[in-house]
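The block underneath contains the structure these notes are about, expressed in C-alpha coordinates.
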Amino acid sequence: MFTKKRTRDDFRGKKSKHTVRNIILAGVAALIIFSWYQYSRFQYVVETPADPGDTTNMTFFIKKGETSGEIAHNLKEKGLILDEGTFKLYAKLNGVDRNIVAGRFIVSRSQNMPEIVAIITDSKKSEMVLTVPEGTTIQQIDEKLVALGAIETGDFVKAINEFKDYDKYPFIDREAVSGLAHPLEGYLFPDTYFLESQNFYSEDLIQLMLNNFAKRMEPHMGELGKRSLHEVITMASIVEMEVRTTDDRPIVAGILWKRLDSGWMIGADATLLYLKEDRSIDYQDLQEESPYNTRKNAGLPPGPIGNPGIKAILATLTPEESPYFFYLTTLDTGEVIYAVTNEEHNANKVKYLQ
(Lines give C-alpha, C1' and ligand atoms only; values in the text may rest on other atoms or scores of the structure.)
Protein backbone atom coordinates (compact mmCIF):
# COMPACT_ATOMS: atom_id res chain seq x y z
CA MET A 1 0.00 0.00 0.00
CA PHE A 2 1.35 3.37 -0.94
CA THR A 3 1.91 5.83 1.94
CA LYS A 4 2.62 9.54 1.43
CA LYS A 5 5.86 10.56 3.04
CA ARG A 6 5.49 13.38 5.61
CA THR A 7 7.46 16.45 4.78
CA ARG A 8 9.12 18.98 7.07
CA ASP A 9 6.39 21.50 6.12
CA ASP A 10 3.73 19.13 7.45
CA PHE A 11 5.46 18.97 10.81
CA ARG A 12 5.86 22.72 10.82
CA GLY A 13 2.15 23.25 10.07
CA LYS A 14 1.14 20.86 12.81
CA LYS A 15 3.47 22.56 15.27
CA SER A 16 2.12 25.97 14.23
CA LYS A 17 -1.44 24.83 14.87
CA HIS A 18 -0.46 23.54 18.31
CA THR A 19 1.23 26.86 19.08
CA VAL A 20 -1.85 28.88 18.07
CA ARG A 21 -4.09 26.59 20.08
CA ASN A 22 -1.84 26.86 23.10
CA ILE A 23 -1.77 30.64 22.79
CA ILE A 24 -5.57 30.73 22.58
CA LEU A 25 -5.91 28.39 25.56
CA ALA A 26 -3.42 30.46 27.53
CA GLY A 27 -5.34 33.63 26.64
CA VAL A 28 -8.64 32.07 27.66
CA ALA A 29 -7.08 30.83 30.90
CA ALA A 30 -5.63 34.28 31.60
CA LEU A 31 -9.00 35.86 30.88
CA ILE A 32 -10.74 33.42 33.19
CA ILE A 33 -8.19 34.06 35.93
CA PHE A 34 -8.44 37.83 35.45
CA SER A 35 -12.25 37.69 35.42
CA TRP A 36 -12.25 35.54 38.53
CA TYR A 37 -9.87 37.98 40.20
CA GLN A 38 -12.05 40.92 39.22
CA TYR A 39 -15.20 39.14 40.38
CA SER A 40 -13.55 38.14 43.66
CA ARG A 41 -12.34 41.70 44.20
CA PHE A 42 -15.79 43.04 43.32
CA GLN A 43 -17.44 40.65 45.78
CA TYR A 44 -14.90 41.51 48.46
CA VAL A 45 -15.46 45.26 48.09
CA VAL A 46 -19.25 44.78 47.99
CA GLU A 47 -19.40 42.56 51.04
CA THR A 48 -16.73 44.22 53.17
CA PRO A 49 -17.75 47.20 55.38
CA ALA A 50 -15.55 50.27 55.26
CA ASP A 51 -14.84 49.80 58.98
CA PRO A 52 -16.40 46.70 60.57
CA GLY A 53 -15.64 47.94 64.07
CA ASP A 54 -17.23 51.39 63.72
CA THR A 55 -20.92 51.06 64.57
CA THR A 56 -21.40 54.81 65.16
CA ASN A 57 -24.59 56.09 63.56
CA MET A 58 -23.97 58.66 60.85
CA THR A 59 -26.35 60.85 58.90
CA PHE A 60 -26.15 60.63 55.13
CA PHE A 61 -28.00 63.08 52.90
CA ILE A 62 -29.22 62.42 49.37
CA LYS A 63 -30.51 65.43 47.48
CA LYS A 64 -33.34 65.16 45.01
CA GLY A 65 -31.95 64.53 41.51
CA GLU A 66 -28.52 63.29 42.60
CA THR A 67 -27.05 60.61 40.34
CA SER A 68 -25.70 57.27 41.54
CA GLY A 69 -22.22 58.56 40.68
CA GLU A 70 -22.66 61.60 42.92
CA ILE A 71 -24.07 59.43 45.70
CA ALA A 72 -21.15 57.00 45.35
CA HIS A 73 -18.70 59.91 45.60
CA ASN A 74 -20.41 61.25 48.72
CA LEU A 75 -20.47 57.79 50.33
CA LYS A 76 -16.73 57.42 49.69
CA GLU A 77 -16.06 60.94 51.01
CA LYS A 78 -17.77 60.04 54.29
CA GLY A 79 -15.84 56.77 54.49
CA LEU A 80 -18.95 54.62 54.15
CA ILE A 81 -17.80 52.51 51.17
CA LEU A 82 -14.43 51.26 49.93
CA ASP A 83 -14.77 52.12 46.24
CA GLU A 84 -16.98 54.44 44.16
CA GLY A 85 -16.85 52.44 40.93
CA THR A 86 -17.81 49.22 42.65
CA PHE A 87 -20.81 50.90 44.25
CA LYS A 88 -22.03 52.28 40.90
CA LEU A 89 -21.63 48.85 39.26
CA TYR A 90 -23.36 47.07 42.15
CA ALA A 91 -26.25 49.53 42.02
CA LYS A 92 -26.60 49.10 38.25
CA LEU A 93 -26.33 45.29 38.29
CA ASN A 94 -28.98 45.04 40.98
CA GLY A 95 -31.30 47.56 39.35
CA VAL A 96 -31.34 49.83 42.37
CA ASP A 97 -29.62 52.89 40.89
CA ARG A 98 -33.06 54.15 39.81
CA ASN A 99 -34.69 53.35 43.16
CA ILE A 100 -32.52 55.50 45.43
CA VAL A 101 -34.68 58.05 47.25
CA ALA A 102 -33.86 61.54 48.49
CA GLY A 103 -33.70 62.30 52.17
CA ARG A 104 -31.65 61.85 55.31
CA PHE A 105 -30.60 58.33 56.33
CA ILE A 106 -28.94 56.80 59.37
CA VAL A 107 -26.05 54.52 58.34
CA SER A 108 -22.71 53.35 59.75
CA ARG A 109 -19.27 52.35 58.50
CA SER A 110 -19.86 48.84 59.83
CA GLN A 111 -22.48 48.22 57.14
CA ASN A 112 -21.53 46.78 53.75
CA MET A 113 -22.84 47.94 50.38
CA PRO A 114 -25.96 45.73 50.25
CA GLU A 115 -26.94 46.92 53.72
CA ILE A 116 -26.40 50.60 52.84
CA VAL A 117 -28.22 50.21 49.52
CA ALA A 118 -31.15 48.56 51.33
CA ILE A 119 -31.41 51.64 53.54
CA ILE A 120 -31.12 54.36 50.89
CA THR A 121 -33.69 52.69 48.65
CA ASP A 122 -36.27 52.35 51.42
CA SER A 123 -38.50 55.42 51.53
CA LYS A 124 -39.68 54.40 54.99
CA LYS A 125 -36.16 54.93 56.30
CA SER A 126 -35.67 58.33 54.72
CA GLU A 127 -36.38 61.72 56.20
CA MET A 128 -37.19 64.65 53.96
CA VAL A 129 -34.87 67.59 54.46
CA LEU A 130 -36.66 70.94 54.36
CA THR A 131 -34.39 73.98 54.50
CA VAL A 132 -36.19 77.26 55.15
CA PRO A 133 -33.85 80.23 54.64
CA GLU A 134 -34.31 83.50 56.52
CA GLY A 135 -37.01 85.65 54.94
CA THR A 136 -38.88 82.74 53.35
CA THR A 137 -42.63 83.30 53.10
CA ILE A 138 -45.38 80.79 53.86
CA GLN A 139 -46.18 80.63 50.14
CA GLN A 140 -42.54 79.75 49.41
CA ILE A 141 -42.58 77.04 52.11
CA ASP A 142 -45.61 75.57 50.35
CA GLU A 143 -43.65 75.55 47.08
CA LYS A 144 -40.68 73.83 48.74
CA LEU A 145 -42.90 71.10 50.14
CA VAL A 146 -44.47 70.57 46.72
CA ALA A 147 -40.98 70.23 45.20
CA LEU A 148 -40.16 67.57 47.83
CA GLY A 149 -43.29 65.67 46.87
CA ALA A 150 -44.71 66.04 50.38
CA ILE A 151 -47.92 67.90 49.50
CA GLU A 152 -50.10 69.12 46.69
CA THR A 153 -49.93 72.82 45.82
CA GLY A 154 -51.68 74.95 48.42
CA ASP A 155 -51.96 72.28 51.14
CA PHE A 156 -49.54 74.01 53.52
CA VAL A 157 -51.17 77.42 52.98
CA LYS A 158 -54.55 75.83 53.67
CA ALA A 159 -53.26 74.30 56.91
CA ILE A 160 -51.93 77.72 57.96
CA ASN A 161 -55.29 79.36 57.31
CA GLU A 162 -57.13 76.62 59.22
CA PHE A 163 -54.74 76.63 62.19
CA LYS A 164 -56.63 76.57 65.51
CA ASP A 165 -54.09 75.79 68.26
CA TYR A 166 -53.37 79.37 69.27
CA ASP A 167 -53.77 78.50 72.95
CA LYS A 168 -50.51 76.54 72.74
CA TYR A 169 -48.67 79.64 71.54
CA PRO A 170 -49.74 82.61 73.68
CA PHE A 171 -46.95 84.79 72.24
CA ILE A 172 -48.96 85.08 69.00
CA ASP A 173 -51.45 87.97 69.02
CA ARG A 174 -54.42 86.13 67.56
CA GLU A 175 -56.36 89.32 66.92
CA ALA A 176 -53.42 90.92 65.11
CA VAL A 177 -52.87 87.94 62.80
CA SER A 178 -56.49 86.93 62.21
CA GLY A 179 -57.03 89.24 59.25
CA LEU A 180 -53.77 88.44 57.45
CA ALA A 181 -53.59 86.53 54.19
CA HIS A 182 -51.33 84.02 55.99
CA PRO A 183 -51.97 84.32 59.75
CA LEU A 184 -48.76 82.70 61.02
CA GLU A 185 -46.40 84.58 58.71
CA GLY A 186 -43.33 85.66 60.67
CA TYR A 187 -43.61 82.99 63.38
CA LEU A 188 -42.42 79.94 61.41
CA PHE A 189 -38.78 79.92 62.38
CA PRO A 190 -36.28 79.56 59.49
CA ASP A 191 -34.19 76.42 59.95
CA THR A 192 -33.49 72.98 58.51
CA TYR A 193 -36.20 70.47 59.39
CA PHE A 194 -36.12 66.68 59.05
CA LEU A 195 -39.54 65.32 58.21
CA GLU A 196 -41.05 61.88 57.85
CA SER A 197 -41.53 60.97 54.20
CA GLN A 198 -44.37 58.51 54.68
CA ASN A 199 -46.39 60.24 57.37
CA PHE A 200 -46.04 63.93 56.61
CA TYR A 201 -48.72 66.34 57.80
CA SER A 202 -48.53 70.10 57.34
CA GLU A 203 -49.99 70.56 60.82
CA ASP A 204 -47.01 68.74 62.37
CA LEU A 205 -44.54 70.96 60.54
CA ILE A 206 -46.40 74.10 61.62
CA GLN A 207 -46.15 73.07 65.27
CA LEU A 208 -42.50 72.11 64.84
CA MET A 209 -41.69 75.56 63.43
CA LEU A 210 -43.72 77.41 66.05
CA ASN A 211 -42.03 75.43 68.83
CA ASN A 212 -38.67 76.35 67.34
CA PHE A 213 -39.68 80.03 67.28
CA ALA A 214 -40.75 79.86 70.93
CA LYS A 215 -37.47 78.21 71.94
CA ARG A 216 -35.28 80.67 70.05
CA MET A 217 -37.20 83.75 71.20
CA GLU A 218 -37.64 82.83 74.86
CA PRO A 219 -34.29 84.37 75.99
CA HIS A 220 -35.16 87.66 74.25
CA MET A 221 -38.78 88.24 75.23
CA GLY A 222 -37.70 90.62 77.99
CA GLU A 223 -36.06 92.90 75.41
CA LEU A 224 -39.31 93.96 73.72
CA GLY A 225 -39.59 97.17 75.75
CA LYS A 226 -42.46 99.33 74.50
CA ARG A 227 -42.88 97.25 71.34
CA SER A 228 -45.22 94.31 70.97
CA LEU A 229 -43.83 91.03 69.66
CA HIS A 230 -46.00 91.40 66.56
CA GLU A 231 -44.48 94.82 65.86
CA VAL A 232 -40.95 93.51 66.36
CA ILE A 233 -41.43 90.49 64.10
CA THR A 234 -43.11 92.63 61.45
CA MET A 235 -40.22 95.09 61.50
CA ALA A 236 -37.65 92.27 61.61
CA SER A 237 -39.21 90.74 58.49
CA ILE A 238 -38.75 94.08 56.70
CA VAL A 239 -35.15 94.41 57.87
CA GLU A 240 -34.52 90.82 56.72
CA MET A 241 -35.65 91.64 53.19
CA GLU A 242 -34.18 95.14 52.94
CA VAL A 243 -30.55 94.32 53.80
CA ARG A 244 -28.56 91.11 54.09
CA THR A 245 -25.34 92.10 55.86
CA THR A 246 -25.01 91.63 59.61
CA ASP A 247 -23.36 95.02 60.16
CA ASP A 248 -26.07 96.93 58.28
CA ARG A 249 -29.12 95.32 59.84
CA PRO A 250 -28.97 97.18 63.20
CA ILE A 251 -28.38 100.50 61.42
CA VAL A 252 -31.30 100.00 59.02
CA ALA A 253 -33.50 98.79 61.90
CA GLY A 254 -32.63 102.01 63.73
CA ILE A 255 -33.56 104.10 60.69
CA LEU A 256 -36.90 102.34 60.23
CA TRP A 257 -37.85 102.58 63.91
CA LYS A 258 -36.86 106.26 63.85
CA ARG A 259 -39.07 106.89 60.82
CA LEU A 260 -41.95 105.05 62.50
CA ASP A 261 -41.60 106.90 65.79
CA SER A 262 -41.31 110.24 63.96
CA GLY A 263 -44.57 109.69 62.11
CA TRP A 264 -42.80 109.24 58.79
CA MET A 265 -43.74 106.60 56.27
CA ILE A 266 -41.38 103.63 56.52
CA GLY A 267 -40.92 103.67 52.75
CA ALA A 268 -39.66 100.08 52.33
CA ASP A 269 -40.15 98.56 48.88
CA ALA A 270 -39.94 95.06 50.39
CA THR A 271 -43.41 95.46 51.91
CA LEU A 272 -44.99 96.02 48.49
CA LEU A 273 -43.27 92.94 47.10
CA TYR A 274 -44.86 90.66 49.69
CA LEU A 275 -48.13 89.89 47.95
CA LYS A 276 -46.84 90.20 44.37
CA GLU A 277 -46.31 86.91 42.57
CA ASP A 278 -43.70 88.27 40.15
CA ARG A 279 -41.72 89.80 43.06
CA SER A 280 -41.20 93.07 41.18
CA ILE A 281 -42.68 96.56 41.49
CA ASP A 282 -43.20 99.42 39.07
CA TYR A 283 -44.53 103.00 39.24
CA GLN A 284 -48.16 101.85 39.28
CA ASP A 285 -47.49 99.53 42.21
CA LEU A 286 -46.14 102.48 44.18
CA GLN A 287 -49.52 104.19 43.78
CA GLU A 288 -51.53 101.27 45.16
CA GLU A 289 -53.70 101.81 48.23
CA SER A 290 -52.51 98.51 49.67
CA PRO A 291 -51.87 98.43 53.45
CA TYR A 292 -48.49 96.95 52.49
CA ASN A 293 -47.57 100.11 50.57
CA THR A 294 -45.38 101.77 53.18
CA ARG A 295 -44.57 104.58 50.74
CA LYS A 296 -48.18 105.78 50.90
CA ASN A 297 -49.28 104.61 54.34
CA ALA A 298 -47.75 105.55 57.66
CA GLY A 299 -47.02 102.89 60.24
CA LEU A 300 -46.13 99.23 59.91
CA PRO A 301 -47.87 96.92 57.44
CA PRO A 302 -50.56 94.66 58.97
CA GLY A 303 -48.11 91.84 59.60
CA PRO A 304 -44.74 90.30 58.76
CA ILE A 305 -43.73 89.97 55.11
CA GLY A 306 -41.77 86.77 55.66
CA ASN A 307 -40.22 84.70 58.40
CA PRO A 308 -37.16 86.52 59.74
CA GLY A 309 -34.10 84.81 61.19
CA ILE A 310 -32.68 85.42 64.63
CA LYS A 311 -30.05 87.93 63.42
CA ALA A 312 -32.68 90.21 61.88
CA ILE A 313 -34.85 89.85 65.00
CA LEU A 314 -31.98 90.74 67.34
CA ALA A 315 -31.01 93.70 65.14
CA THR A 316 -34.59 94.92 65.40
CA LEU A 317 -34.66 94.44 69.17
CA THR A 318 -31.35 96.28 69.63
CA PRO A 319 -31.16 98.81 66.76
CA GLU A 320 -28.12 101.03 66.31
CA GLU A 321 -28.58 104.76 66.64
CA SER A 322 -27.25 106.85 63.75
CA PRO A 323 -27.75 110.30 62.22
CA TYR A 324 -29.19 108.70 59.08
CA PHE A 325 -32.79 108.79 57.90
CA PHE A 326 -32.21 107.33 54.42
CA TYR A 327 -30.44 104.37 52.84
CA LEU A 328 -30.25 102.50 49.57
CA THR A 329 -28.67 99.27 48.38
CA THR A 330 -26.41 99.36 45.32
CA LEU A 331 -27.46 97.21 42.39
CA ASP A 332 -24.05 95.67 41.71
CA THR A 333 -22.48 94.89 45.09
CA GLY A 334 -25.42 95.19 47.48
CA GLU A 335 -23.55 97.79 49.52
CA VAL A 336 -25.78 99.93 51.74
CA ILE A 337 -25.33 103.69 51.21
CA TYR A 338 -26.63 105.99 53.96
CA ALA A 339 -27.76 109.63 53.93
CA VAL A 340 -28.81 112.16 56.54
CA THR A 341 -30.97 114.38 54.32
CA ASN A 342 -33.34 113.75 51.44
CA GLU A 343 -31.12 115.85 49.16
CA GLU A 344 -28.13 113.68 49.96
CA HIS A 345 -30.26 110.57 49.42
CA ASN A 346 -31.41 111.80 45.99
CA ALA A 347 -27.80 112.43 45.03
CA ASN A 348 -26.95 108.88 46.10
CA LYS A 349 -29.78 107.50 43.95
CA VAL A 350 -28.39 109.30 40.90
CA LYS A 351 -24.90 108.07 41.66
CA TYR A 352 -25.61 104.44 42.56
CA LEU A 353 -28.92 103.47 40.97
CA GLN A 354 -28.74 104.98 37.48
Side-chain angles (χ1 to χ4, degrees), residues 57 59 61 63-64 102-106 126-151 155-174 176-178 180-224 227-241 244 246 249 253 274 303-318:
N57 284 338
T59 56
F61 297 89
K63 297 178 182 178
K64 189 173 183 179
R104 182 180 77 154
F105 301 87
I106 304 300
S126 74
E127 289 182 314
M128 292 185 298
V129 183
L130 173 68
T131 299
V132 181
E134 292 83 352
T136 304
T137 65
I138 285 173
Q139 181 62 49
Q140 291 168 335
I141 296 173
D142 190 285
E143 293 167 3
K144 285 177 176 291
L145 290 170
V146 171
L148 287 172
I151 63 170
D155 285 354
F156 186 73
V157 171
K158 181 181 179 183
I160 289 288
N161 294 336
E162 295 178 352
F163 182 77
K164 297 285 193 300
D165 293 332
Y166 286 98
D167 291 342
K168 293 182 180 179
Y169 307 99
F171 55 84
I172 300 176
D173 185 338
R174 186 170 185 175
V177 305
S178 62
L180 303 180
H182 306 308
L184 298 178
E185 194 81 270
Y187 300 94
L188 305 182
F189 199 82
D191 209 337
T192 295
Y193 296 91
F194 302 101
L195 313 170
E196 289 189 38
S197 299
Q198 298 299 302
N199 299 298
F200 174 79
Y201 297 97
S202 293
E203 294 78 8
D204 293 339
L205 175 59
I206 291 169
Q207 294 200 32
L208 193 63
M209 299 181 83
L210 289 175
N211 290 338
N212 197 5
F213 179 93
K215 179 181 177 181
R216 299 296 294 273
M217 281 301 299
E218 184 179 6
H220 307 290
M221 293 300 286
E223 302 169 24
L224 293 174
R227 316 286 185 186
S228 70
L229 179 63
H230 189 69
E231 289 174 325
V232 168
I233 298 304
T234 299
M235 183 65 86
S237 71
I238 298 171
V239 172
E240 185 75 74
M241 299 307 294
R244 291 293 182 179
T246 301
R249 286 195 186 105
Y274 175 54
I305 60 171
N307 294 282
I310 194 64
K311 291 182 179 179
I313 294 172
L314 294 180
T316 305
L317 283 171
T318 55

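- Contact detail for Ser237 and Pro304: the closest heavy-atom pair is OG-CA, 3.4 Å.
- In terms of modelled atom types and a separation under 3.5 Å, the side chain of Asn211 and the main chain of Gln207 share a donor-acceptor contact.
- Ring-centre distance between Phe213 and Phe171: below the 6.0 Å cut-off.
- The shortest side-chain heavy-atom distance between Val129 and Tyr193 does not fall under the 4.5 Å cut-off.
- Separation of atoms CE (Met209) and CG (Asp191) is listed at 8.0 Å; rounding is to 0.5 Å.
- Taking the side chain as every heavy atom from C-beta outward, Asn161 and Phe163 never approach each other to under 4.5 Å.
- Using a 4.5 Å heavy-atom threshold, the side chains of Thr192 and Leu130 count as separate.
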- Where do Leu210 and Ile172 land on the side-chain contact (heavy atoms from CB on, under 4.5 Å) test, with the steps shown first? CA-CA 10 Å; Leu210 289 175; Ile172 300 176; 4.0 Å; yes

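- In this structure, CD1 in Ile141 is found 10.5 Å from CD in Glu143, a value given to the nearest 0.5 Å.
- Nearest heavy atoms, Gly103 versus Ser126: CA-CB, 4.4 Å.
- Every residue two or more places apart in sequence or in another chain that forms a side-chain hydrogen bond (donor to acceptor under 3.5 Å, both in side chains) with His230 is listed here: Tyr187.
- Asp142 places a side-chain N or O within 3.5 Å of a backbone atom of Phe156 that can act as its donor or acceptor partner.
- Side-chain N/O atoms of Asn307 and Glu185 include a donor and acceptor closer than 3.5 Å.
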- Query: Yes or no on side-chain contact (heavy atoms from CB on, under 4.5 Å) for Thr59 and Phe194, after CA distance, side-chain angles and deciding distance?
  - Reply: CA-CA 11 Å; Thr59 56; Phe194 302 101; over 6 Å; no

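- To the nearest 0.5 angstrom, Ile206 atom CD1 is 9.5 Å from Glu162 atom CD.
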- side-chain contact (heavy atoms from CB on, under 4.5 Å) between Asp155 and Leu145, worked out: CA-CA 9 Å; Asp155 285 354; Leu145 290 170; over 6 Å; no

- Step-by-step ring-ring contact (aromatic ring centres under 6.0 Å, His included) determination, Tyr169 to Tyr166: CA-CA 5 Å; Tyr169 307 99; Tyr166 286 98; 8.4 Å; no

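- Residues Leu208 and Leu195 come closest through the heavy atom pair CD2-CD2, 4.2 Å.
- Distance CE/Met241 to OG1/Thr137: 8.5 Å, rounded to 0.5 Å.
- Within the 4.5 Å cutoff, side-chain heavy atoms of Ser202 are placed close to those of Ile151.
- For the residue pair Ile138 and Leu184, the shortest heavy atom distance occurs at CD1-C, 3.7 Å.
- Ala315 approaches Ala253 most closely through the heavy-atom pair O-CB, 3.5 Å.
- Thr318 OG1 to His220 NE2: the interatomic distance, rounded to the nearest 0.5 Å, is 9.5 Å.
- Side-chain contact check for Leu229 versus Asp173: every heavy-atom pair is 4.5 Å or farther apart.
- For the atom pair Thr234 OG1 and Ile305 CD1, the distance stands at 9.0 Å (nearest 0.5 Å).
- Look at Glu240 and Lys311 and you find no salt bridge, because none of the NZ, NE, NH1 or NH2 atoms lies under 4.0 Å from a carboxylate O.
- Between the side chain of Glu218 and the main chain of Lys215, no donor-acceptor pair closer than 3.5 Å is present.
- Among all heavy-atom pairs drawn from Gly135 and Gln140, the shortest one is O-OE1, 4.1 Å.
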- salt bridge (Lys or Arg N to Asp or Glu O under 4.0 Å) between Glu134 and Arg244, intermediate numbers included: CA-CA 10 Å; Glu134 292 83 352; Arg244 291 293 182 179; over 6 Å; no

